[in-house]
Structure formats: C-alpha cells, structure tokens
*Asks:* 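Next up is a structure, given as structure tokens.
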Protein chains: 2
Amino acid sequence: MMEKPVTSIDTIAKTCIAGRLRLLNRVVTGIYDDALRPFGLKISQGNILILTGKLGVASPVQVCDYLQLDISTLSRNVELMRKNGWLEDVPGEDARSHPFRLTAAGKKLIEKAIPAWEQAQAEARKLLGEEFVSLLNTAAKRVSEANRR
Amino acid sequence: MMEKPVTSIDTIAKTCIAGRLRLLNRVVTGIYDDALRPFGLKISQGNILILTGKLGVASPVQVCDYLQLDISTLSRNVELMRKNGWLEDVPGEDARSHPFRLTAAGKKLIEKAIPAWEQAQAEARKLLGEEFVSLLNTAAKRVSEANRR
DNA sequence: CTGCGATAATTGTATATACAAGCATCTGCC
DNA sequence: GGCAGATGCTTGTATATACAATTATCGCAG
C-alpha cells in the first residue's frame with residue numbers, strides 16, 4: 001500500500017515548478033540580454049517593441065492582455081522606450097487611452113537587432129532542447145486561452 | 001527548393017523563446033505568490049528558504065550557483081529575510097563568507113506554507129500540462145549542468 | 001613576511017515587476 | 001443633462017533582478 005506522501009523540504013526543492021521556471025527564465029533572459037546589449041536593448045523591452053510592431057497601433061490594455069503584464073509595469077516600460085525614441089504616442093478618440101506605435105528609430109532598432117535575436121534564439125533552443133521549446137508553445141497558448149476567459 | 005527564411009517581426013512575436021518563457025514565468029509566479037500571500041511570503045524568497053533548509057548552512061555563492069542568481073540579488077533578498085526573522089547569520093571560518101541558515105521561525109513558516117504551496121503547485125501543473133512539467137525538469141537539469149562546466 | 005591576484009560579499013544604479021490607490025474619462029440610466 | 005459605476009492609465013511603494021564598482025579577506029609566490 002502506498003502511503004500518502006508527505007511534502008518535505010527536499011521534495012519542494014526538487015519539484016517546485018515555479019522554482020524551475022524562474023531559474024530557466026533568469027538564464028534565458030540573460031542569453032537574450034547579452035546578445036542585445038550592443039543595441040542598448042533588453043529582451044523585456046524587445047518583446048514589447050515587437051508586439052507593438054505587429055499591432056501597428058497598440059493600446060496598453062491590449063499589450064498587457066497579450067503579454068500578461070500588469071498595466072503599471074507596461075506604463076513605465078513604455079515611458080522608458082518613449083524617452084529612447086523607439087515609441088511614440090498616438091492621439092486617440094478615447095481620452096482615457098494612450099495608444100502608441102513604433103517610431104522610425106524603433107523599427108530600425110528592431111531590424112538591426114534581429115541577427116542578435118536569432119543568435120540568442122539558437123542558443124536558447126540548444127540549451128533547452130527542441131522538445132521543451134515546442135511544448136513551450138503549447139503551454140503558452142494554454143495560458144493565454146485560460147486568461148482570455 | 002526552400003528559401004532561407006527571413007525573420008520578420010511577426011515570426012519573432014510568434015516564436016521568441018524568451019518571450020514565452022517570461023510570460024509563463026509571470027503567470028506562474030503570480031499563482032504561487034497569490035497562494036503564499038497570507039504568509040507574507042513570495043515564491044522568490046520561498047525558493048531561497050527551501051534551498052537553505054535543504055543545505056542546512058548555506059553560503060551565498062553556493063545558493064547562487066544552485067539558483068543561477070546574481071550574488072547581489074541574493075544579498076538583498078537574504079537581508080530582507082533576515083529582517084523578517086526567517087534567516088540568521090552563521091559565523092564561519094572564512095571571514096569573507098557570510099553563511100546563513102533557517103531560524104526556528106523560518107522553519108515554522110515553511111511548514112505552515114506547505115499546503116498553500118501544494119495548491120499552487122497543483123494549479124500550475126494543471127495549467128501547464130504534465131508533459132511540460134516533466135520536460136521542465138529535464139531542461140532545468142541541462143541548464144544546471146551547462147553552468148557547472 | 002609582504003604584496004598581488006583571486007575570491008566573497010556589499011553597495012550604487014537601473015530596469016522589471018506587481019499591488020494598491022488615485023485620477024480622468026466614458027457610458028448608460030434616469 | 002447629470003450622476004454612478006466602469007474603464008484606462010498613472011503614481012506610490014516594495015521586491016526582484018543584474019551589472020559595475022568597491023571593500024574585505026584569503027592564499028600563495030617570492
């Protein structure tokens with residue numbers, strides 16, 4: 001007969017999902033940040049830039065919904081990128097909303113940084129393994145759907 | 001014949017490993033932080049506490065090696081937990097090193113928080129899927145080995 | 001035993017992140 | 001038309017995170 005397992009400190013250390021995910025996040029973020037450093041760009045901002053580029057005109061709520069980011073976090077991130085000249089405000093009908101878009105400099109930055117991103121992506125893929133990367137897609141989709149409900 | 005694929009903004013948005021990992025990290029960290037909030041504990045500190053408990057007496061370099069954390073990050077995290085009465089300094093032979101261990105209060109905190117951790121763990125597992133979680137282990141091991149070389 | 005390179009940690013600075021509270025605006029109801 | 005609740009964002013505060021520079025100590029080569 002199996003005993004009901006008692007969760008020990010050791011078990012947590014060995015199995016905590018958050019712990020592992022956070023560790024991988026630190027390592028992988030480091031890989032991309034290293035690669036992007038010559039451009040004065042970090043992957044945290046890079047992902048916002050890219051999404052903005054995809055959206056054309058982006059509203060904070062929309063970006064936060066995609067990225068599962070707190071809106072206050074985005075607010076300050078966008079402010080930095082505006083100061084860097086990569087994003088600009090777009091006047092909108094609803095005065096509550098402050099949409100933004102890429103500037104020419106922002107677009108140029110992305111183009112210049114793509115080879116570095118590709119290199120980081122290759123390194124991360126190699127480190128994590130193909131299988132993990134493909135499940136990452138699945139998991140990310142699941143999470144997005146779960147939060148869209 | 002296959003063309004060499006040109007990396008577009010859209011491709012990056014859809015495939016960036018760092019972006020997905022960071023998104024999952026935010027969501028999952030949120031799950032654990034919500035569960036642990038009643039104890040005034042966040043998973044970031046929780047993982048350090050747990051590892052410290054496992055090690056008995058922990059040195060900063062050692063913890064940073066396990067968790068792939070910058071030592072300056074750990075330094076300030078430990079300071080907060082010392083102020084909270086969860087960790088205490090251990091006098092060591094080498095005056096450069098500042099090892100620490102759990103206090104009685106720290107151990108008690110872990111015990112009290114375990115059910116909440118279990119709940120968060122179950123929720124995260126369900127959200128991410130069994131398969132992803134098991135590959136998370138593999139990937140984390142790989143990363144640790146890669147950085148031990 | 002002395003000084004120099006290596007190691008361990010802290011401190012300065014900046015960004016990333018979230019929660020709570022606040023402010024402005026909008027929308028619908030009367 | 002005006003108020004009440006909803007919505008979108010910003011601001012205050014706190015922690016997490018990393019890089020660079022500094023401080024303190026150690027160990028060894030001479």
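To find a chain, count down the sequence lines: A is the first, B the second, and so on, and within it residues start at 1.
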*Asks:* Looking only at atom types and distance, does a side-chain atom of A/T73 sit under 3.5 Å from a main-chain N or O of A/L69, one as donor and one as acceptor?
*Replies:* no
*Asks:* Identify every side-chain donor-acceptor pair in residues 44-60 of chain B under 3.5 Å, counting partners at least two apart or on other chains, and give the distances.
*Replies:*
unit_1: B/T52; atom_1: OG1; unit_2: B/I48; atom_2: O; d: 2.7
unit_1: B/S59; atom_1: OG; unit_2: B/Q62; atom_2: N; d: 3.3

*Asks:* Calculate the interatomic distance between A/N25 atom CG and C/dA16 atom P; express it in whole Å.
*Replies:* 13 Å
*Asks:* Under 4.0 Å between a side-chain N/O of A/S97 and OP1 or OP2 of D/dC9, yes or no?
*Replies:* yes
*Asks:* Could you list the residues that satisfy side chain to side chain contact (heavy atoms under 4.5 Å, CB included) with B/R96, not counting sequence neighbours?
*Replies:* B/D94
*Asks:* Tell me the interatomic distance from A/L36, atom CG, to C/dA16, atom P, rounded to whole angstroms.
*Replies:* 12 Å
*Asks:* What I'd like to find out is whether the side chain of A/L102 reaches to under 4.5 Å of the side chain of A/W86, using heavy atoms alone.
*Replies:* no
*Asks:* Is the shortest side-chain N to carboxylate O distance from A/R101 to A/E88 below 4.0 Å?
*Replies:* yes
*Asks:* When the distance from CD1 of B/I71 to C1' of D/dT23 is rounded to whole Å, what number comes out?
*Replies:* 13 Å
*Asks:* Verify the contact: side-chain N or O of A/S75 to OP1 or OP2 of D/dT10, cut-off strictly under 4.0 Å; return yes or no.
*Replies:* yes
*Asks:* Let me spell it out: for each of A/R26 and A/P60, pick the nucleotide of DNA chain D with the closest heavy atom. Which residue's pick is nearer the 5' end?
*Replies:* A/P60
*Asks:* List the atom pairs, with distances to 0.1 Å, where a side-chain N or O of residues 133-141 of chain B and a protein N or O form a donor-acceptor pair under 3.5 Å, not counting sequence neighbours.
*Replies:*
unit_1: B/S134; atom_1: OG; unit_2: B/E131; atom_2: O; d: 3.2
unit_1: B/N137; atom_1: OD1; unit_2: A/R20; atom_2: NE; d: 3.3
unit_1: B/T138; atom_1: OG1; unit_2: B/S134; atom_2: O; d: 3.3

*Asks:* Taking OH from B/Y32 and P from D/dT15, how many angstroms apart are they, rounded to a whole number?
*Replies:* 23 Å
*Asks:* So if I define the base as every atom that isn't primed, P, OP1 or OP2, how would nucleotides 19-26 of chain C read as a B/S/- string at a heavy-atom cutoff under 4.0 Å?
*Replies:* B----BBS
*Asks:* Please pick, from C/dT10, D/dA18, D/dC9, the nucleotide with the shortest atom-to-atom distance to any side-chain atom of B/H98.
*Replies:* C/dT10
*Asks:* For residues 39-54 of chain B, which residues have at least one heavy atom under 4.0 Å from DNA chain D?
*Replies:* B/S44, B/Q45
*Asks:* Between A/L69 and B/V61, who's closer to the 5' end of DNA chain C by nearest nucleotide?
*Replies:* B/V61
*Asks:* Do you know which two heavy atoms are closest between A/L36 and A/W117, and how far apart they sit?
*Replies:* CD2-N, 4.3 Å
*Asks:* For A/Q121, give me all partners under side chain to side chain donor-acceptor pair (under 3.5 Å), at least two apart in sequence or on another chain.
*Replies:* A/Y32
*Asks:* Between B/E130 and B/R125, which heavy-atom pair has the shortest distance, and what is it?
*Replies:* OE2-CD, 3.0 Å
*Asks:* Classify the nucleic acid contact of A/L74 as base, sugar-phosphate or nothing, counting any heavy atom under 4.0 Å across all strands shown.
*Replies:* nothing
*Asks:* Round to the nearest Å and state the distance from B/N77 atom CG to D/dA18 atom C1'.
*Replies:* 12 Å
